[in-house]
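I have placed the structure first, in the form of structure tokens, so that the comments after it can refer back to it.
The basis for the numbers below is simple: all heavy atoms, side chains too, and nothing from hydrogens, waters or symmetry mates.
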Amino acid sequence: MKLRQICILALILASSIFVAFASEKGGLIFTKEDVKQTKHLDPSTADVNISFEDAKNKLILENPEVITESVHGELIDNENFGIIWRVSSKTANGRSISAGIDASNGDLLFVYDGSKKVRGNNNINKDDALTIAEKYIQSRVSANIISETKLNDIKYKEPAADDLPGIYHVSYIRSIRGIPYLSDGIILRVNAETGEVTSYCKKLSTSEEEIALINTEPSITDEEAIKVLKEYMSSIPQIGEEKANTVKVMSSDLVWKENNDDKIHLAWWIKFVDSSFAEDDNCPAFAWVDAHSGEMLLFDYGRD
């Protein structure tokens, strides 16, 4: 998995599987490592509380410029979001909007709105973007959920071309029992010229019961986890002990992290570089070490 890449919300339109994107340059990410196949369901036999008409109306509420006659949707069982209505439509300006609606409660899980005005005369700064993001979330998320999340990062991304605006990526991370959970959070993109939210993703699917029995006090220190990392690197022929001894740790934090078996662990999340990285490298390597067993859960040492 390339944690340093940003998996942008255009995947909603390009694929039957939606993947949330990460904060730029190795920030917290809100998606599973593997994208599983999406299962299409028959609305006439599926046991859901939200009908297609309900989902359709939710899309229209999100953008009143939706052309009602063009709205179409499908009921799917998505690995990351569960059973959802994936609805899309054309808007009055001929562009498209897509959204994911929870089929059990009508909750808006994600939206990609390509109909928004691209260029504008406003000069949106970071504080403005944060205010816009917070107001957007408050209008769509319950106070209880808001209380579980906190701002993770806000980054400005330069325009990709002369005729495109800059974009603010605003991400919030969910905490469970006081510890960040890397697969749950809220992420938005705010146009730096118009101030409009162009995409939104919320994934808060993990229940506290799933990790209720895991002790939040680590059995090993971060220093011991770093030692595990170096020993692990030394055992890999392509890296070796000499390079492992040059590891420079940038940060080590306690997080909840899923392993490849989808089991949640309390882990030390270590960001690091070594002698093969540039001195000012903004794309570090990552490791997750189980904070109780000392097992290496995941190791991301991709070198471009």
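- Between H72 and S88, the side chains place a donor N or O and an acceptor N or O closer than 3.5 Å (distance only, hydrogens not considered).
- Within the 3.5 Å criterion, the main-chain N or O of S171 finds no donor-acceptor partner in the side chain of D153.
- Between L229 and M296, the closest heavy-atom pair is CA-CE, 3.9 Å.
- Ion pairing between a basic and an acidic side chain is recognised when a charged N comes within 4.0 Å of a carboxylate O; K90 and E69 show no such pairing.
- A heavy-atom distance below 4.5 Å is not found between the side chains of E53 and K58.
- Of all heavy-atom pairs between G100 and I84, the closest is CA-CD1, 4.4 Å.
- The shortest distance between side-chain heavy atoms of I83 and L41 falls below 4.5 Å.
- Between I264 and K257 the shortest side-chain heavy-atom distance does not fall below 4.5 Å.
- A salt bridge links D184 with R174: the distance from a Lys NZ or Arg NE/NH1/NH2 to an Asp or Glu carboxylate oxygen falls below 4.0 Å.
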Worked verdict on L188 versus I186 for side-chain contact (heavy atoms from CB on, under 4.5 Å): CA-CA 7 Å; L188 308 91; I186 301 172; 4.0 Å; yes
Derivation of the side-chain contact (heavy atoms from CB on, under 4.5 Å) call for W288 and E295: CA-CA 9 Å; W288 289 265; E295 174 193 0; over 6 Å; no
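- Residues V190 and T198 are not in side-chain contact: their nearest non-hydrogen atoms beyond the backbone lie 4.5 Å or more apart.
- Side chains of D113 and N63: a donor-acceptor N/O pair is present below 3.5 angstrom, by distance only.
- Under 3.5 Å, the side chains of N191 and Y168 contain no donor-acceptor pair of N or O atoms.
- Remark: side-chain polar atoms of W85 are paired, donor with acceptor, to backbone N or O of I50 under 3.5 angstrom.
- Sorted by first and then second residue, the side chain to side chain donor-acceptor pair (under 3.5 Å) pairs with a member in residues 237-247 read T246-S275; sequence neighbours excluded.
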Evaluation steps, side-chain contact (heavy atoms from CB on, under 4.5 Å), between D107 and V141: CA-CA 8 Å; D107 201 11; V141 178; over 6 Å; no
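- For D47, the CG atom is loosely surrounded, since the number of other residues' heavy atoms within 6.0 Å does not exceed 12.
- Taking each heavy atom of I167 and A192 in turn, the nearest pair found is N-CB, 4.4 Å.
- Put simply, the side chain of W268 gets close to the backbone of I220: a donor and an acceptor are under 3.5 Å apart.
- Ring-plane geometry between F272 and F299 is classed as parallel, the angle between the planes falling under 30 degrees on a 0 to 90 degree scale with a further cut at 60.
- Residues N144 and S142 bring no donor and acceptor atom of their side chains to less than 3.5 Å of each other.
- With hydrogens and angles left out, the side-chain atoms of D54 and S51 include a donor and acceptor closer than 3.5 Å.
- Here the two rings, on F81 and F110, have centers that are under 6.0 Å apart.
- Side-chain atoms of E224 come within 3.5 Å of backbone atoms of T221 as a donor-acceptor pair (strictly under, hydrogens ignored).
- Between I214 and W256 the shortest side-chain heavy-atom distance falls below 4.5 Å.
- F52 is listed as a side-chain neighbour of V87, based on a closest heavy-atom distance under 4.5 Å.
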Worked check of salt bridge (Lys or Arg N to Asp or Glu O under 4.0 Å) between E62 and R140: CA-CA 10 Å; E62 181 65 24; R140 290 160 175 80; 3.1 Å; yes
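- Under the 3.5 Å distance criterion, with hydrogens and angles disregarded, no donor-acceptor pair is assigned to the side chains of T131 and Y136.
- Of the candidates N123, N122, D127, N125 forms a side-chain contact (heavy atoms from CB on, under 4.5 Å) with just one, namely D127.
- In this structure, a donor-acceptor pair under 3.5 Å is present between the side chains of Y181 and E258.
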